[in-house]
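So the structure is just underneath, and the comments pick up after that.
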Amino acid sequence: MGMVGGGQDAFIGAIHRLAANMDGLIELSCGALSIKPETAIASGKALFLPESRTYLTYDEMIKAEAALPAEERIDFVTIVTPNFAHFAPAMMALEHGFNVVIEKPMTFSLEEAKLLKQKVEETGLILCLTHTYSGYPMVKQAKAMVREGKLGKIRKILVEYPQGWLSKLSEREGNAQAAWRTDPTKSGKSSVMGDIGTHASHLAEYITGAKITDVCAELNTLVEGRIMDDDGAVLLKFDNGAKGVLIASQVAAGEENALKIRVYGEKGGIEWFQHDPNTLTVRWLDEPTQILRAGSNYGAHLSSFATHNCRTPGGHPEGYLEAFANIYRNFALTLGCKLDGTEPTPEMLDFPSVEDGLRGMAFIDNVVASSQSDKKWTPYVL
């Protein structure tokens, strides 16, 4: 892979590299790691990249790699820049024949997302979106149970993502991550919904297979002096008739990444909590509560989609990095099959795609429109 962004002064780039490297399927071969030339060069040296493949711009990297013989050039580009710098390198990579892995949200705007989806369809290339939480084995188990009808018809979906890291005006205190995430020229229409609300909405649709059709939203800016929203709540309607509630906040003081989802059907409900990711709680209407645990030795109790993404026996915790790595591994296995002319398994194909990216951008747009509207419900428009 070739990486755009993610140099020594970045946060998420190192996470991507750890995840991509975990299964030995992917090699970082080149990079345009920073817009600062000195940082790009220093980062390349630190990562043992050849000087000739440590580029100063993504434009230079993509063109140079495309000119290499097929057996030498990279197979895909991974983009780990802030939101406003996603679209251009992704589009250029696709235009030059490279598959793409990209941080969420997929683009800065819905219009850009539509163009990327069109380009993916035109080229037949693969775009993978790193919605990390869909990589957890017990999230995949929850999805399998819903798909198999074990909970019956789904009625209610509750998902919440409280964080507390923006409880102060950190963007004016030298916090670079806070600065760009609360800047509308860099993050897009919404801070809280773009950064974490999209994770929550994706998780709701991923587990249930249902699609949001209508939203009723309120966005708030609760820290004085901040220019973007940092808190919000959304009522949801889904195409299967289910009703939902989504809460996202970056000013829930003291919270870390307390993402939680509960899904209720006619026969029972499931609960998954990111702080205890190896556990899936299943509450039955007429039976005792069941606790399911992740682990490669629990194959008789878990779906193939869950066990495919477990690396260790039960009791050996697998967390955020492993979930992130599952997305990279499934993408790499799928890409490997494409390059070999073989058929990937359904388990390999289970990673977020350009369609998820498009729906994520639509979620942001529709929530912002609803929050600004006097109407109770806003139809979910793609």
Side-chain angles (χ1 to χ4, degrees), residues 1-6 12-13 16-17 19-20 25-35 53 55-131 134 188 194 198 202 327-341 344 348-362 364-365 382:
M1 73 176 183
M3 177 169 278
V4 177
I12 202 66
H16 277 260
R17 289 191 292 271
L25 297 173
I26 298 168
E27 178 184 2
L28 178 65
S29 302
C30 68
L33 301 167
S34 175
I35 58 172
R53 299 181 82 180
Y55 302 101
L56 300 186
T57 67
Y58 72 81
D59 183 283
E60 179 189 8
M61 183 185 87
I62 292 170
K63 288 178 180 176
E65 291 293 316
L68 291 174
E71 65 274 11
E72 294 180 26
R73 73 172 73 107
I74 54 173
D75 296 296
F76 71 95
V77 173
T78 187
I79 299 164
V80 296
T81 53
N83 303 358
F84 74 97
H86 285 183
F87 173 76
M91 180 61 80
M92 187 175 183
L94 292 168
E95 288 172 342
H96 284 75
F98 294 116
N99 302 279
V100 171
V101 175
I102 193 167
E103 254 297 324
K104 49 60 50 197
M106 187 168 73
T107 52
F108 182 77
S109 68
L110 180 58
E111 290 70 27
E112 289 178 346
K114 290 177 179 178
L115 290 173
L116 272 192
K117 183 173 185 290
Q118 181 181 346
K119 183 58 67 175
V120 168
E121 291 170 347
E122 285 175 5
T123 60
L125 295 165
I126 305 170
L127 187 147
C128 169
L129 188 70
T130 53
H131 268 301
S134 64
T198 49
H202 178 260
I327 292 175
Y328 265 102
R329 183 178 62 142
N330 291 337
F331 166 78
L333 290 171
T334 297
L335 180 52
C337 287
K338 182 178 180 181
L339 295 174
D340 294 340
M348 294 175 185
L349 290 164
D350 187 20
F351 57 84
S353 68
V354 69
E355 181 64 32
D356 297 286
L358 177 65
R359 291 196 63 80
M361 294 311 301
I364 297 167
D365 258 37
L382 281 174

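Just so you know, these numbers come straight off a predicted model, no measurement behind them. Because only heavy atoms are used, hydrogens play no part in the values below, and waters and symmetry mates are left out as well, while side chains stay in. Numbers for residues simply follow the sequence, beginning at 1.
- More than 12 heavy atoms of other residues, nucleotides or ligands lie within 6.0 Å of CG in L56, so this atom counts as buried by the packing criterion.
- If you take CZ on R73 and SG on C30, they are separated by 12.0 Å, rounding to the nearest 0.5 Å.
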Please walk me through it: do E103 and H16 pass side-chain hydrogen bond (donor to acceptor under 3.5 Å, both in side chains)?
CA-CA 9 Å; E103 254 297 324; H16 277 260; 2.8 Å; yes
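- Between R17 and G6, the shortest heavy-atom contact is NH1-O, 2.7 Å.
- The CG atom of L110 sits 5.0 Å away from atom CG of D365, with the distance rounded to the nearest 0.5 Å.
- Across all non-hydrogen atoms, the minimal contact from S134 to I327 is OG-CD1, 4.2 Å.
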For I74 and M1, what are the C-alpha separation, side-chain angles and deciding distance, and is it a side chain to side chain contact (heavy atoms under 4.5 Å, CB included)?
CA-CA 5 Å; I74 54 173; M1 73 176 183; 5.8 Å; no
Show me the side-chain donor-acceptor pairs of residues 329-339 shorter than 3.5 Å, one per line, residues at least two apart or across chains.
| residue | atom | partner | partner atom | Å |
| --- | --- | --- | --- | --- |
| R329 | NH2 | H308 | O | 2.2 |
| N330 | OD1 | H308 | NE2 | 2.9 |
| N330 | ND2 | N309 | OD1 | 3.2 |
| N330 | ND2 | N326 | O | 3.2 |
| T334 | OG1 | N330 | O | 2.9 |
| T334 | OG1 | M348 | O | 3.1 |
| K338 | NZ | G124 | O | 2.5 |

Intermediate values then yes/no, side chain to side chain contact (heavy atoms under 4.5 Å, CB included), T78 and F76:
CA-CA 7 Å; T78 187; F76 71 95; 4.2 Å; yes
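- Under a 4.0 Å N-O distance rule, the pair E122/K119 qualifies as a salt bridge.
- The two residues A93 and V100 come nearest to each other via the heavy atoms CB-CG2, 3.8 Å.
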Quick one: do V77 and M61 satisfy side chain to side chain contact (heavy atoms under 4.5 Å, CB included)? Show the steps, please.
CA-CA 10 Å; V77 173; M61 183 185 87; 4.1 Å; yes
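- How far CD of E112 is from CE of M91: 9.0 Å, rounded to the nearest 0.5 Å.
- In this structure, M92 CE and K63 NZ are separated by 4.5 Å, a value rounded to the nearest 0.5 Å.
- Between Y328 and I26, the shortest heavy-atom distance links the atoms CD2-CD1, 3.7 Å.
- At least one side-chain heavy atom of L116 sits under 4.5 Å from a side-chain heavy atom of F87.
- In this structure, I102 CD1 and L129 CG are separated by 7.0 Å, a value rounded to the nearest 0.5 Å.
- In this model, no donor atom of one side chain and acceptor atom of the other lie less than 3.5 Å apart for Y58 and T81.
- In plain terms, the two heavy atoms of L382 and A362 that are nearest each other are CD2-CB, 3.4 Å.
- Of the inter-residue distances, the one linking N83 atom CG with I364 atom CD1 reads 7.5 Å to the nearest 0.5 angstrom.
- When all heavy atoms of I79 and A85 are compared, the pair lying nearest together is CG2-O, 4.1 Å.
- Contact annotation: the side chain of T198 approaches that of H131 to within less than 4.5 Å [non-hydrogen atoms, C-beta and beyond].
- Taking the charged nitrogens against the carboxylate oxygens, E121 and K117 do have a contact shorter than 4.0 Å, which makes a salt bridge.
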Begin with the C-alpha distance, continue with both residues' side-chain angles, and end with the deciding distance and a verdict on side chain to side chain contact (heavy atoms under 4.5 Å, CB included) for R53 and E65.
CA-CA 8 Å; R53 299 181 82 180; E65 291 293 316; 2.6 Å; yes
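- When atom types are taken as modelled, the side chain of D75 and the backbone of N99 share no donor-acceptor pair closer than 3.5 angstrom.
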